[in-house]
Amino acid sequence: MSKNQSHTPVFNWVANDLNEEQRQAVTSTEGPVLILAGAGSGKTRVLTYRIGYILANGLAEPREILAMTFTNKAAGEMRERVRKLVPNMISGMWIGTFHSLFARLLRREGERLGYGNNFAIYDEDDQHALIKMVLNDMKLQVQEFPPKQIAYKISGAKNAFILPDQFATMVKNRQDEIFSRVYSAYQSRLRENNAMDFDDLLVKPIELFQRFPLVLDFYQDRFRYILVDEYQDTNHAQYVALRMLAAKHRNICVVGDDDQSIYRWRGAEIRNILDFENDYPKCSKFRLEQNYRSSKNILAIAHSVVKNNRQRHEKKLWTDKPPGEQAVVLEVEDDLEEARLVVNKLALEMRNHHLDFQEFAILYRTNAQSRVLEEALRKENIPYIIVGGVKFYERKEVKDVLAYLRVLCNPADSISLRRIINYPARGIGETTVGRLEAFAQQEKLTVFDALGRAALVPGISAKTAEQVVALHSLLQKYSALKSELSASELASTLVNELGILRNFKQEGTVESFSRAENVKELMLAIAEFTNHAGAEGTLELYLENVSLSTDLDSWDDRANAVTLMTLHSAKGLEFPVVFITGLEEGLFPISRSLADPPALEEERRLFYVGATRAKIKLYLAWARARRKFGEKSMSAASRFLREVDPSLVQIESSYTMRAMHRQRTNRFAAPDPMPRYEDESQENLEFRVGMRVQHPTFGKGTIMRLEPSSAGSLRLRVFFDSEGEKRLVLPYAKLEIL
């Protein structure tokens, strides 16, 4: 079919299935395109129809389309929708997450950068283990330089595309100098292990394109059309890579919603979507503002809060649905009562709307909030699933088996080798491991190769060396079998020979039984992967899929259970009834955002995301007191509740009759000051949680908590803009109310 040839069926489904703005966004195929797609406005439909339209009209071959998403779930959904639109035209198309597609590219081209195509992808645990090794080599204490903090800082540098050499030129103090050395050594260790971390999957393609212009030219030619979902969540490295790939044809279409940009803490830059028109001055721009998910009242609530942000494209979602029910604000005494009332309301909504458990979501700002909610659900025998808890692939027994498989695929992976060298127990201790690593370094060998020469390593006894060599022989045997057996056959045979399930059975405890079930589940997962992927289902591909899986990938959305998750995890999902809990100043918005305007705007966008997950009913809950670290502290209603149009909500208070009759417009101005203390004075009552104050020494700050001191007076916890949190006691605090 020629590029100008009409394709009648295509125009039929474009005309029948899309509204006018969606239709224009789909059919404007040439040049840069910015699609501002509000929550529930059909952005996935627009993306998939746009791909189908390009293919069906012969504008490109499937292999010439690159479609980037942020979750495997979204990529799978997009691929399936395209397949239904244009059957038999999807083969060869690159649809997937940034990480998975760039990993695919690096498997092909990574040798140019010194990596084998069997490189491992390290998760957070692997990163921390490698950083510990670097710190030990540099004689630095992990207490002074926590690996988790260093890993976070390295990730931030990579997301901003600041590589070790560049960071070394930015050193300003001793801490920077030490970090620079650790960062550089960490990258060297990754290369020695033939491994990359998640951020390398974004950074290395840019390095590749910069060092090898012909490679860049090849991929620029190949990808005639580039489509990017959730563009508001891209970081600087992703931005640079996309700019490079799109430079030749300039057919880049980005879809996103600046009002849903909620990942600043992991490097996302909202400026990428706000500045798209500056980057591509002749771009076409479309706004998808018709919402197909939520009632009018829910949309109005979300808009009444997010409109207070300054950094945003002006837009307002609308729907032709009825206004729907008012949202309900639950004002409760403490977090225990919050949990009880949420469960009661859940049961009420089930009866009123004839809903199943799976149609409810309970959202919270921090994972710590889930415990009391779980207890309340368990007490009523309500099934629930937590998204973002301990993931299946992070369980110890699962990671142990996966470590064996990773070494078979990449013998240079010393982190995985360290994990399995004495599992199951072989009498190989840390001292022996240290001697093997020192020998490997001295002889310029991999640690894996050093295992086979254990008898030559000084200080290792003959008995221990025999065990080390036996492990080396076992791994070599299964490495050779990898080309003869399927991934499933290889894994199950190895687990049997190691006696892992037999050992769990002999332990005979409830915990060991659970661990055995997890290993069996892993074997089942590998078998399902092998059956589904067929000849392409290699062990390497399975391990890559595991490395790049997310919380949502392991979430069983078919189970009839209430879903509990953080607000960050909820983006992209929808439920008939949604509860947003913990709407208190200092919790949501989180305390660290109160003195940081861009962070506070992101918290407001997070509320917008949470509210727009609801289809028919929204509950907003806050507690006047909440327990944390064993202490019970008073709270103030979130400023987001004060920003909600009062006409859109009904308020149910369990606190006092006086609270019930407070004027509606002042409902969330402040909490009742405190439980009554005997010596509490009228002067003390001036102060409220959330109030801005000035101190003669510490400067401006925000009151975070009010609580009694041991002397019976009132103690304030104040977060000062420049000094952090301080505890002050009235009447000696010398605070001025701003």
Side-chain angles (χ1 to χ4, degrees), residues 91-92 100 103-104 106-111 115-122 126 193-196 392-393 397-424 426 428 440 445-454 466-505 516 518-549:
S91 178
S100 66
R104 182 177 175 181
L106 290 166
R107 297 281 182 207
R108 296 183 172 195
E109 309 289 350
E111 289 185 355
Y115 291 86
N117 60 12
N118 59 337
F119 62 81
I121 300 173
Y122 278 0
D126 301 323
N193 286 358
N194 191 28
M196 298 187 192
F392 176 76
Y393 290 111
E397 58 278 7
V398 173
K399 291 199 73 170
D400 288 338
V401 175
L402 289 175
Y404 270 99
L405 303 180
R406 288 171 64 175
V407 172
L408 297 182
C409 292
N410 176 22
D413 183 357
S414 66
I415 296 298
S416 295
L417 189 57
R418 257 185 165 266
R419 186 179 188 101
I420 64 172
I421 199 166
N422 197 41
Y423 177 79
R426 300 182 175 91
I428 304 173
L445 303 170
T446 65
V447 179
F448 180 85
D449 289 335
L451 298 185
R453 305 185 189 184
E466 186 179 340
Q467 291 291 329
V468 173
V469 172
L471 172 61
H472 183 260
S473 298
L474 176 81
L475 295 172
Q476 280 192 317
K477 180 178 79 172
Y478 279 93
S479 183
L481 287 171
K482 195 156 62 70
S483 60
E484 300 177 21
L485 301 177
S486 70
S488 176
E489 292 168 332
L490 187 79
S492 60
T493 306
L494 175 62
V495 166
N496 286 336
E497 181 165 348
L498 290 169
I500 291 174
L501 294 175
R502 183 174 62 251
N503 291 345
F504 284 140
K505 185 177 181 180
N518 286 335
V519 172
K520 291 176 184 176
E521 185 65 26
L522 175 62
M523 296 299 102
L524 179 61
I526 299 175
E528 290 176 348
F529 167 81
T530 303
N531 293 336
H532 179 73
E536 296 180 359
T538 63
L539 185 58
E540 287 84 355
L541 184 58
Y542 175 76
L543 292 174
E544 181 172 303
N545 289 348
V546 168
S547 297
L548 301 178
S549 68

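As a basis for the values below, the full set of heavy atoms in this structure was taken, side chains included, without hydrogen atoms, waters or symmetry mates. Quick caveat, the model's predicted, so the values are computed rather than measured.
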Can you check side-chain contact (heavy atoms from CB on, under 4.5 Å) on Asp413 and Leu417, steps first, answer last?
CA-CA 6 Å; Asp413 183 357; Leu417 189 57; over 6 Å; no
Dump the intermediate steps for side-chain contact (heavy atoms from CB on, under 4.5 Å) on Leu494 and Leu498, then the final yes or no.
CA-CA 6 Å; Leu494 175 62; Leu498 290 169; 3.9 Å; yes
Evaluate the side-chain contact (heavy atoms from CB on, under 4.5 Å) criterion for residues Tyr393 and Leu522: first the C-alpha distance (whole Å), next the side-chain angles of each, then the deciding distance (0.1 Å), finally the verdict.
CA-CA 9 Å; Tyr393 290 111; Leu522 175 62; 3.9 Å; yes
Show your reasoning for whether side-chain contact (heavy atoms from CB on, under 4.5 Å) applies to Tyr478 and Leu485.
CA-CA 9 Å; Tyr478 279 93; Leu485 301 177; 5.6 Å; no
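Taking CD of Glu528 as the start and CD of Glu521 as the end, the distance is 7.0 Å to the nearest 0.5 Å. Atom CG of Asp449 sits about 5.5 Å away from atom NE2 of His472, to the nearest 0.5 Å. With rounding to the nearest 0.5 angstrom, the CZ atom of Phe448 is 8.0 Å from the CG atom of Leu408. Atom CD1 of Ile420 is separated from atom CD1 of Ile428 by 10.0 Å, given to the nearest 0.5 angstrom. Atom CG of residue Leu524 and atom OG of residue Ser492 lie 11.5 Å apart, to the nearest 0.5 angstrom. A distance of 11.5 Å separates CG in Asn518 from CG in Asp400, rounded to the nearest 0.5 Å.
The minimum heavy-atom distance between Ala412 and Asn194, with the atom names listed, is CB-CB, 4.1 Å. The two residues Tyr542 and Leu402 come nearest to each other via the heavy atoms CE2-CD2, 4.2 Å. Across Lys399 and Asp126, no two heavy atoms sit closer than the pair NZ-OD1, 4.5 Å. Listed here is the closest heavy atom pair of Ser100 and Leu548: CA-CD1, 3.5 Å. Residues Lys482 and Leu539 share a closest heavy-atom pair of CD-CD2, 4.0 Å. The two residues Ser486 and Thr530 make their nearest non-hydrogen contact at CB-CG2, 3.9 Å.
Annotation: Lys505, atom NZ; neighbour count of heavy atoms from other residues, nucleotides and ligands within 6.0 Å does not exceed 12. In Arg453, the CZ atom is not crowded: 12 or fewer heavy atoms of neighbouring residues, nucleotides or ligands sit closer than 6.0 Å.
Under the 4.5 Å side-chain criterion, counting only non-hydrogen atoms from C-beta, Leu481 is not in contact with Thr493. Between Ser416 and Arg418 there is no side-chain heavy-atom pair separated by less than 4.5 Å. Side-chain contact between Cys409 and Leu543: present, with at least one pair of heavy atoms (C-beta onward) separated by less than 4.5 Å. In this structure, the side chains of Tyr115 and Leu106 stay at 4.5 Å or more apart for every pair of heavy atoms. The closest side-chain heavy-atom distance from Phe529 to Leu541 is below 4.5 Å.
Between the side chain of Asn410 and the backbone N or O of Asn193, at least one donor-acceptor pair lies under 3.5 Å. Remark: side-chain polar atoms of Arg426 are not paired, donor with acceptor, to backbone N or O of Val468 under 3.5 angstrom.
A salt bridge does not link Glu540 with Arg107: none of the charged nitrogens is closer than 4.0 Å to a carboxylate oxygen.
Taking the six-membered ring where the residue is Trp, Tyr404 and Tyr423 present tilted rings, their angle falling between 30° and 60°.
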